[in-house]
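Worksheet: the structure to be examined is printed underneath.
All chains are named by letter (A, B, ...) in the order of the sequence lines, taking the proteins before the strands, and each is independently numbered beginning at 1.
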2 protein chains.
Amino acid sequence: MNQPTKKKKVTIKDVAKHAKSSMSTVSMVVNGKGYVSDIKRKEVLGAIRQLGYVPSAPARSLASNRTNNIGFILRESHFTLSEPFYTRIFLGAEFEAKNQNYYVLLATVADDYEREADTPRLLKERNVDGIIIAGKVNSELLMEVEDSGIPFVLVDYQYKSYPSITIDNRNGSIEAVRYLMEKGHKDIAFLGSDIRHPSISDRLEGYQLAMLKAGHQDTKSMTFIDEDKSPTLQTGFDLGMRILGGKRKPTAVFCANDALALGLIKYAKQKKLKIPEDLAVVGFDDVEGGKFSTPQLTTVRVFKEQMGELALRLLAELLDDIPTLNSKFERSNHMLTVPAELIIRESA
Amino acid sequence: MNQPTKKKKVTIKDVAKHAKSSMSTVSMVVNGKGYVSDIKRKEVLGAIRQLGYVPSAPARSLASNRTNNIGFILRESHFTLSEPFYTRIFLGAEFEAKNQNYYVLLATVADDYEREADTPRLLKERNVDGIIIAGKVNSELLMEVEDSGIPFVLVDYQYKSYPSITIDNRNGSIEAVRYLMEKGHKDIAFLGSDIRHPSISDRLEGYQLAMLKAGHQDTKSMTFIDEDKSPTLQTGFDLGMRILGGKRKPTAVFCANDALALGLIKYAKQKKLKIPEDLAVVGFDDVEGGKFSTPQLTTVRVFKEQMGELALRLLAELLDDIPTLNSKFERSNHMLTVPAELIIRESA
DNA sequence: TTGATATATCGAAGCGCTTCTATAAATTTC
DNA sequence: GAAATTTATAGAAGCGCTTCGATATATCAA
């Protein structure tokens with residue numbers, strides 16, 4: 001009679017006994033290293049299955065000095081942001097983490113980060129093997145991570161020449177502007193803010209490049225930037241006044257992101273302008289709100305999930321490579337760029 | 001290349017030596033249990049500070065048989081949903097977890113969940129002390145969690161009488177309908193879908209209650225539900241046709257959620273109806289998109305972050321209570337409800 | 001005063017795993 | 001065909017912590 005008592009945890013020892021071998025052999029089978037004969041391997045695998053053995057994460061960590069955790073650091077305001085941009089990056093990372101057998105620990109940090117006081121627990125406790133940092137974060141924090149010696153990968157941001165995953169903002173912008181030109185537009189304006197953010201300045205650059213190539217020398221008079229504001233709906237609305245209030249009115253506007261574009265559209269609609277007939281608008285990011293707006297927003301899609309996935313993969317690679325790090329043949333370029341894709345909807 | 005002096009890990013042993021006491025005493029100080037004299041405590045605390053000692057999470061887990069991790073289970077589609085609803089609940093939980101010294105491990109599960117194959121790792125490995133389940137999930141999974149014996153709390157869902165945090169949908173709806181009445185509306189319709197979801201049926205109930213109380217007997221002819229569709233923008237748009245195509249046109253519509261409301265507005269605007277003059281619309285959830293829409297959506301706010309926070313707190317309480325669980329005086333009701341609040345914007 | 005009880009500290013036994021070492025058999029080398 | 005090397009397995013140390021006695025002293029109730 002089998003008693004359905006509280007099933008005691010099955011340990012590696014039980015497996016060893018059951019498979020008539022040693023703990024070390026079982027460990028080797030589980031981790032796929034060392035020398036194990038095929039017969040033994042099969043016996044051990046069988047025992048594992050029969051007993052339903054699952055290794056204990058903490059025990060492994062303790063013995064091997066690896067945590068199998070990846071930290072994901074994100075500014076609080078990037079979560080509370082109206083758009084689930086970074087959330088999706090996180091999701092992508094989490095997805096890939098499953099494949100790679102990592103847990104992802106999320107740590108949000110305050111915007112007014114202060115060293116010591118706000119250091120994420122996972123850093124203090126060194127409870128991760130590697131870290132993904134998403135978006136722009138306080139440089140104090142960046143240095144702290146750097147100092148910790150824990151390998152890390154940046155997403156949608158760059159710092160020195162540390163590994164990073166960024167958007168191909170320049171080419172995405174060029175594609176957007178070209179599309180506007182194809183539609184017959186000549187007076188194409190650029191609308192932006194917070195120009196210090198590398199992503200945004202790259203988008204401006206793409207705009208300028210495309211305009212220049214098409215023979216438009218004067219982009220300056222068509223560039224509307226409020227550099228101290230963050231790129232929100234409100235900012236777009238406010239800049240709308242400047243754009244549509246001037247004497248030389250553009251027929252199309254390429255916006256540095258979707259929130260700005262939505263804000264501009266709101267202002268334009270209020271001024272009884274028809275979109276896209278009177279004013280064509282293209283955004284950047286492909287946020288959810290753009291699908292629901294009237295008209296639906298034409299924009300440049302950023303593959304957010306994919307960026308997270310890539311970041312995790314790159315990090316995992318880095319972690320495995322560590323013994324090779326001293327090699328002279330070390331592949332030094334770990335800065336990846338993911339393409340952005342024009343999504344044609346109604347607003348242009 | 002500066003060579004970082006790899007600082008050796010400071011262990012409890014080092015602290016003990018430095019404070020001239022034993023490991024067990026240090027442990028007791030750190031965990032605040034057992035008997036320790038004030039003098040010793042101060043010495044130990046001093047040593048900890050001086051050496052910068054941080055306990056090792058895996059070692060603690062292994063020795064104490066607690067992980068200090070909380071699992072957060074969520075359906076994949078609830079993340080990819082256009083709205084960061086559950087994301088915000090997660091955020092709230094994560095926030096509170098920091099206070100309570102837990103890590104939150106997120107596990108997303110597929111919609112077509114199958115036992116065994118898809119069991120989240122954190123369940124298989126029993127790598128958590130407790131679990132938060134957000135939203136409606138497959139009942140297989142629910143049973144699996146139940147069987148595991150790991151304490152859990154549901155958020156925005158209920159199962160048997162397990163601990164849960166839910167929205168006060170009924171009162172929120174009543175408030176919304178009352179507001180519409182105050183504005184002079186008599187013909188108020190209800191728009192909904194997926195009526196089997198408890199949240200949605202509660203909202204319908206609130207609507208009916210409010211209508212009845214105001215002397216409107218016939219709510220049926222004013223209730224528009226597509227029960228097989230999920231409550232999305234598209235569904236709202238489609239139902240708009242039915243609502244506005246009938247002979248008895250309502251002057252106001254209370255929608256089961258914001259996505260439906262936004263869809264309805266889209267349709268109404270297409271039909272050249274002015275909102276709120278020709279048709280007042282109220283939603284439910286207070287999603288981001290509602291702030292950006294034209295007109296901005298009047299809705300019922302759900303405190304998502306707070307729900308997550310509450311869930312974590314309740315779970316933590318449960319975990320601490322476990323020794324008391326056998327007590328006859330055990331407080332049996334762990335099913336909490338959080339209020340919903342009417343947000344007045346432009347659409348009504 | 002005297003057991004009983006509360007307070008205080010320490011040493012040591014594990015928690016479940018990885019990995020180093022020892023040992024031996026099988027295989028390769030020249 | 002003896003030495004060197006590769007393959008195969010087991011045993012045991014120890015990762016950093018918690019916690020269970022053991023022991024000792026201080027405090028209390030009668």
Sequence neighbours excluded and cut-off under 3.5 Å, please list the side-chain donor-acceptor pairs for residues 36-45 of chain B, or say none.
| residue | atom | partner | partner atom | Å |
| --- | --- | --- | --- | --- |
| S37(B) | OG | K40(B) | N | 3.4 |
| K40(B) | NZ | K20(B) | O | 3.2 |
| K40(B) | NZ | E43(B) | OE1 | 3.4 |
| R41(B) | NH1 | V36(B) | O | 3.4 |

Output a table of donor-acceptor pairs, distance under 3.5 Å, between side-chain atoms of residues 137-145 of chain B and any protein atom two or more places apart or on a different chain; print 'none' if there are none.
| residue | atom | partner | partner atom | Å |
| --- | --- | --- | --- | --- |
| N138(B) | OD1 | E140(B) | N | 2.7 |
| E144(B) | OE1 | Y113(B) | OH | 2.7 |
| E144(B) | OE2 | T119(B) | OG1 | 2.6 |

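A search for ring-ring contact (aromatic ring centres under 6.0 Å, His included) contacts involving Y103(B) returns nothing, not counting sequence neighbours. Here D14(A) pairs with V10(A), T11(A), L51(A) under the side chain to side chain contact (heavy atoms under 4.5 Å, CB included) rule; sequence neighbours left out. Shown here are the ring-ring contact (aromatic ring centres under 6.0 Å, His included) partners of Y102(B), two or more places apart in sequence or in another chain: there are none. Partners of Q100(B) under the side chain to side chain donor-acceptor pair (under 3.5 Å) rule, at least two apart in sequence or in another chain, are E96(B). In this view, Y162(B) and F152(B), Y159(B) satisfy the ring-ring contact (aromatic ring centres under 6.0 Å, His included) rule, not counting sequence neighbours. K33(B) pairs by the side chain to side chain donor-acceptor pair (under 3.5 Å) definition with nothing, not counting sequence neighbours. Qualifying side chain to side chain contact (heavy atoms under 4.5 Å, CB included) partners for P55(B), counting only residues two or more places apart in sequence or in other chains: V30(B), Y53(B), R60(B).
Side-chain N/O atoms of R313(A) and N99(A) include no donor and acceptor closer than 3.5 Å.
When heavy atoms are screened at a 4.0 angstrom cut-off, N65(A) is found touching no nucleic acid atom at all. Residue contacts for P58(B): at a heavy-atom cut-off of 4.0 Å it reaches no nucleic acid atom on any strand shown. Contacts of S27(A) with the nucleic acid, taken as non-hydrogen atoms under 4.0 Å apart, include base atoms.
Taking atom CD1 on I48(A) and atom P on dG16(C), their separation rounds to 16 Å, with Å as the unit.
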Below 3.5 Å between N/O atoms, which protein atoms pair up with nucleotides 9-14 of chain D? Just atom names and distances, please.
| residue | atom | partner | partner atom | Å |
| --- | --- | --- | --- | --- |
| dT9(D) | OP1 | S37(A) | OG | 2.8 |
| dT9(D) | OP2 | S37(A) | N | 2.7 |
| dT9(D) | OP2 | S37(A) | OG | 3.0 |
| dA10(D) | OP1 | K20(A) | O | 3.4 |
| dA10(D) | OP2 | S22(A) | N | 2.8 |
| dA10(D) | OP2 | S22(A) | OG | 3.4 |
| dA10(D) | OP2 | T25(A) | OG1 | 3.1 |
| dA10(D) | N7 | S24(A) | OG | 3.1 |
| dG11(D) | O6 | S24(A) | OG | 3.3 |

All N/O contacts under 3.5 Å from nucleotides 22-25 of chain D to the protein, with atom names and distances to one decimal?
none

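Rotation axes derived from the C1' atoms of the five outermost pairs at either end of the helix from dT1(C)-dA30(D) to dC30(C)-dG1(D) lie 20° apart, to the nearest 10°.
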